[in-house]
Every structure is written in C-alpha cells, then in structure tokens.
Amino acid sequence: MNTVKDFITGEVQTGTGVVPVVSTTWSRRDRLETLKVRWSVGRMKYRILPGLYAVGTPDRSSRVFVTANFKLTFDHLRRALAGLDAWILVLDTKGINVWCAAGKGTFSTKEVVRRIRIHHLDKVVDHRKIILPQLSATGVAAHEVKRMTGFTVIYGPVKASDIKDFLESGLKATDDMRRVTFPLVERLKLIPVDIFYGKYYMLLVPVAFLLLSGFKPGGYSTDLVLNPGWKSIVNLYAGYLTGCVLAPALLPWLPFRRFSWKGLTTGWFVAILLAFAGMLGTSATEMISWFLMIGALSSFMAMNFTGSSTFTSLSGVKKEMKTALPVQITMASLGLAGWILTRFIVL
Amino acid sequence: MNRFVYLPGVVTLELDTEKCNGCRMCTIVCPHAVFEIADRKAVIRNRDLCMECGACAKNCPEGAITVKSGVGCAAGIINGILQNTEPSCDCSTGGSCC
C-alpha cells in the first residue's frame with residue numbers, strides 16, 4: 001500500500017463523516033512515481049486506500065466519479081477533474097487499472113454496490129447517478145447496480161481527459177470518446193513493462209551463451225568467451241528487443257495481422273542487418289542458427305504484446321498461438337542445436 | 001482504413017435481435033463500435049472489430065448478447081496452460097499484462 005498521501009490537501013465534512021480532499025495537480029513525486037511504474041518498478045504495489053474522496057468543495061448535488069485504486073488511474077482522474085467540485089468513489093481493485101480489473105472481476109457490480117453501501121453514498125448526495133469509466137463495463141452490469149442500489153450508472157468516456165467535454169455536453173460522449181484507439185504514444189508507454197517480461201532469464205541465457213562460446217573443436221578456450229562471445233549477447237538482445245520494442249512501435253505498419261508474423265518480420269530484418277555487420281558468425285550453419293533464434297525470440301515477444309494491445313480477442317490469440325507457439329519452439333530449438341553444434345564441429 | 005483489426009472470422013459474439021429492446025447500451029459500452037442501432041434494434045456492424053471484452057453482454061438487460069469473453073493475451077493463455085486454468089493475465093506475479 002502506498003503510504004505517501006501527499007495528494008491529500010484537506011478534508012470535507014459530509015452527513016456521514018470526514019472525506020479527504022485531494023489535489024488535482026501532480027506533484028514531482030507523482031510524476032516520478034508514474035515514470036517508475038511505467039518501467040515496472042513497484043507496479044503491483046502502486047495503490048491507494050479505497051474509499052470516498054473529494055475534489056474542490058463538493059456538496060449534495062455534486063457528481064460522483066467511480067474509479068480503481070491503482071494510483072496511476074486515480075491520478076489521471078483527479079487531474080482531469082481540476083476546477084470541478086466532485087466526489088470520487090475509489091473501489092478496491094487490488095491496485096489494478098480499470099480495464100484489467102473489470103476483466104479480472106475486481107472492478108465489478110458487486111464491488112460498486114458494496115462501496116456505495118459502505119460509504120453511504122445515498123446520504124452523501126441527493127441525486128442517484130454515478131459516473132463510471134466506460135471500460136469498467138466489462139465488469140459492471142449497469143442495470144444490476146440500479147436494481148440493487150437505486151443508483152443509475154452512467155458510462156463516461158474511455159479517457160479521463162475527455163471528462164470535461166463529456167460534462168459540458170450534458171453527459172454525452174462522442175463516438176471518438178467511446179472508442180479505444182492505440183496510437184504510437186500509447187504503445188510506447190506500454191513497451192517498458194514488456195521489456196522486463198524475461199526477468200532473470202535475461203541474464204541467465206546470455207551468461208550460458210558466453211560460457212558455451214568458449215568451446216571449440218577439440219577443446220575450450222577462455223579467450224573465445226568474451227570474443228566472439230559478446231556477439232551472441234548482442235544477437236540475443238537484438239532479437240528480444242526487436243520483438244518487444246520495434247514490433248509494437250511499428251505495429252500498424254507491419255505486414256500481417258498475426259503479431260507473431262509481425263515479430264518474425266522485424267526479427268529477420270534486424271538479423272539481416274546483423275549478418276551484414278558480421279555478427280552472426282562465418283559459417284552458413286551458424287548464420288542460419290542465428291536467424292532461427294532471433295526470429296523465434298522476436299516473434300514470441302511480439303506475440304506477447306497481444307496482452308498490451310487494445311484490440312485482440314481471446315479467440316484470435318488462441319488461434320494465432322496454436323500455430324505460432326510450436327513454430328517458435330521448433331525454430332528456437334533448431335537454432336540453439338545448430339549454434340551449439342558449430343562450437344564443436346567445423347562446418 | 002482501420003489498421004487495428006485482428007484475425008477475421010474468429011470471435012464468439014452473438015446477438016439475438018428478437019430479444020433486443022433497443023436500449024442502446026451495447027453501442028455505449030463497446031470500445032470498438034461493433035454495434036449500431038437500425039430500426040430501433042441493435043445490429044452487429046463489424047464483427048471482426050470485436051475483442052471479446054464482454055462489456056456488451058454484461059450490460060444487456062435483455063440478455064440478447066452472448067460472447068465468450070476473456071483476455072486476448074498470449075502471456076495469459078500461457079499462464080492458463082501452465083496452471084491448467086482458464087486464460088488469465090495474472091498481473092500479481094508480474095509478467096506482461098493488459
């Protein structure tokens with residue numbers, strides 16, 4: 001739990017108790033923490049206490065916005081509410097963002113109903129409307145919330161930054177506000193987390209390659225460990241990063257609909273460059289081995305980006321994986337076997 | 001042209017127009033504008049844009065929409081295979097997620 005609460009600037013008295021007032025600007029700490037979370041540092045612990053919060057000086061007629069307790073989500077909401085007087089009802093989504101929490105069932109009808117009751121929302125405001133982010137609809141049934149609490153769920157825009165326009169147009173979201181897009185900036189934001197997908201394997205595998213590089217026909221030479229051993233590290237990371245950085249960045253411009261094919265495309269493109277740079281060794285066997293390994297790595301990592309993307313269906317990803325995964329495993333195995341072989345036999 | 005279209009002809013989305021009461025909820029919650037209203041009834045405008053998030057089915061008061069919803073996430077599916085469960089992006093153990 002995030003113990004720093006410097007975003008709380010005061011408190012307001014309601015019919016049922018004291019509610020903390022939160023700032024609508026980001027402090028330097030907020031910005032720094034956001035950056036860390038984007039790079040996967042402390043991402044799973046970046047949460048705030050669920051409950052009722054206030055921005056400005058809300059009263060019994062003020063709007064109620066419902067959100068998740070992932071602090072990054074909460075921060076975007078409070079910043080979007082600058083200049084307004086409103087209530088924020090923060091659910092316990094276990095520190096997960098709105099869309100994922102809705103998919104996982106923590107941003108749910110049950111939790112909305114529970115929070116409305118715990119915090120006596122019916123005694124805090126006179127009206128009976130709550131505004132939920134559109135993407136929470138995956139987990140919340142508006143008609144059931146209405147039936148159980150009397151509160152009407154109004155689905156606001158996908159992005160918090162559209163909230164003011166949404167309010168000004170009388171709680172009407174335009175088609176654009178309702179649609180999830182996936183522009184370059186959004187894709188780039190999600191890339192850092194994927195880079196750390198491999199965790200400690202990212203160190204173990206290169207070390208194994210270094211050690212194996214020392215083998216030569218009829219013996220072992222420590223000189224070979226570093227040179228040409230370093231080349232294998234470059235090649236491995238090139239394959240890995242091509243799949244989780246280059247492929248996502250270029251996503252809409254790459255041929256093929258399958259992410260695994262997109263990743264294979266970028267992987268082999270980079271492999272060609274590496275071949276020209278003399279990084280893939282001298283023998284045909286070694287070169288082909290690297291093409292197989294780099295291609296498999298890049299393809300797999302690009303396929304993983306389906307989880308970050310905003311438009312892939314479960315049925316689609318299953319279909320893709322059915323062919324892609326065996327191909328990737330075969331390519332990686334053959335490549336590895338071929339490369340090891342060239343350590344011991346002159347080809 | 002929408003460049004963000006995934007594999008065609010795979011989604012499990014079904015709409016029973018008979019049951020539809022024309023409340024428009026599906027057109028509101030869908031993040032990919034799959035539905036539109038014609039003749040006071042919902043129709044599926046572009047099935048292949050559906051990502052099976054399940055928001056429409058969840059919010060259809062008449063139960064006119066069905067979809068086998070889940071996360072379209074390779075890491076989640078691998079998680080499911082390894083743990084012998086339904087696909088789930090288990091964010092709590094790290095890994096790539098949504």
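Just so we're on the same page: letters track the sequence lines, and every chain starts at 1. Because the structure is predicted, anything quoted here is derived from the model rather than measured.
Scanning all heavy atoms of the two residues, the minimum distance from B:H32 to A:V180 falls at CE1-O, 3.6 Å. When all heavy atoms of A:S315 and B:T12 are compared, the pair lying nearest together is OG-CG2, 3.6 Å. The two residues A:Y155 and B:I28 make their nearest non-hydrogen contact at CB-CG2, 4.0 Å. Nearest heavy-atom pair, B:C50 versus A:S313, reported as atom, atom and distance to 0.1 Å: O-CB, 3.8 Å. Of all heavy-atom pairs spanning A:R187 and B:F4, the tightest one is NH1-CZ, 3.5 Å.
Surrounding NZ of B:K41 are more than 12 heavy atoms belonging to other residues, nucleotides or ligands, all under 6.0 Å away. Within 6.0 Å of CZ on B:R47 lie more than 12 heavy atoms contributed by other residues, nucleotides or ligands. Within a 6.0 Å radius of OH in A:Y237, more than 12 heavy atoms belonging to other residues, nucleotides or ligands are found.
The salt bridge (charged side-chain N to carboxylate O under 4.0 Å, His left out) check on A:K189 picks up A:E186, with sequence neighbours excluded.
The distance from the CG atom of A:L325 to the CD1 atom of B:I81 is 6.5 Å, given to the nearest 0.5 Å.
Checking side-chain atoms of B:E52 against main-chain N and O of A:L314 turns up a donor-acceptor pair under 3.5 Å.
Residues of residues 129-145 of chain A that come within less than 4.5 angstrom of chain B, heavy atom to heavy atom, are A:Q134, A:L135, A:A137, A:T138, A:G139, A:V140, A:A141, A:A142, A:H143 in numerical order. For a heavy-atom cut-off of 4.5 Å, chain A lies close to B:C60, B:P61, B:K68 in residues 60-68 of chain B.
The parts of A:M303 that come within reach of chain B are both its backbone and its side chain, each placing non-hydrogen atoms under 4.5 angstrom from that chain. Heavy atoms of A:T181 lying under 4.5 Å from chain B are absent altogether. Proximity to chain B is limited to the side chain of A:F300, based on heavy atoms less than 4.5 angstrom apart. In this structure, chain A has no heavy atom under 4.5 Å from any part of B:C23.
Of all the listed residues (A:V158, A:L251, A:T310, A:T109), the one sharing the greatest number of non-hydrogen pairs under 4.5 Å with chain B is A:T310. Of the listed residues (B:A55, B:G9, B:P31, B:G70), the one with the most heavy-atom contacts under 4.5 Å to chain A is B:P31. Between chain A and the options B:V10, B:V29, B:N59, B:L7, the largest number of non-hydrogen pairs under 4.5 Å is found for B:N59. Listed options A:S40, A:G95, A:G316, A:S260 were ranked by heavy-atom pairs under 4.5 angstrom with chain B; first place goes to A:G316. Interface remark: of the candidates A:G198, A:A324, A:P252, A:P252 forms the most heavy-atom pairs closer than 4.5 Å to chain B. The candidate with the highest count of non-hydrogen atom pairs below 4.5 Å against chain A, out of B:S69, B:G54, B:P8, is B:P8. Contacts with chain A were tallied for B:A57, B:C53, B:C56; B:C53 has the most, counting heavy-atom pairs under 4.5 Å.
Counting heavy atoms from C-beta on, the side chains of A:S309 and B:Y6 never come closer than 4.5 Å.
Sequence neighbours left out, not one pair with a member in residues 308-333 of chain A passes salt bridge (charged side-chain N to carboxylate O under 4.0 Å, His left out).
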For A:R178 and B:T27: C-alpha separation, side-chain torsions, deciding distance, then whether side-chain contact (heavy atoms from CB on, under 4.5 Å) applies. CA-CA 9 Å; A:R178 292 246 172 263; B:T27 65; over 6 Å; no
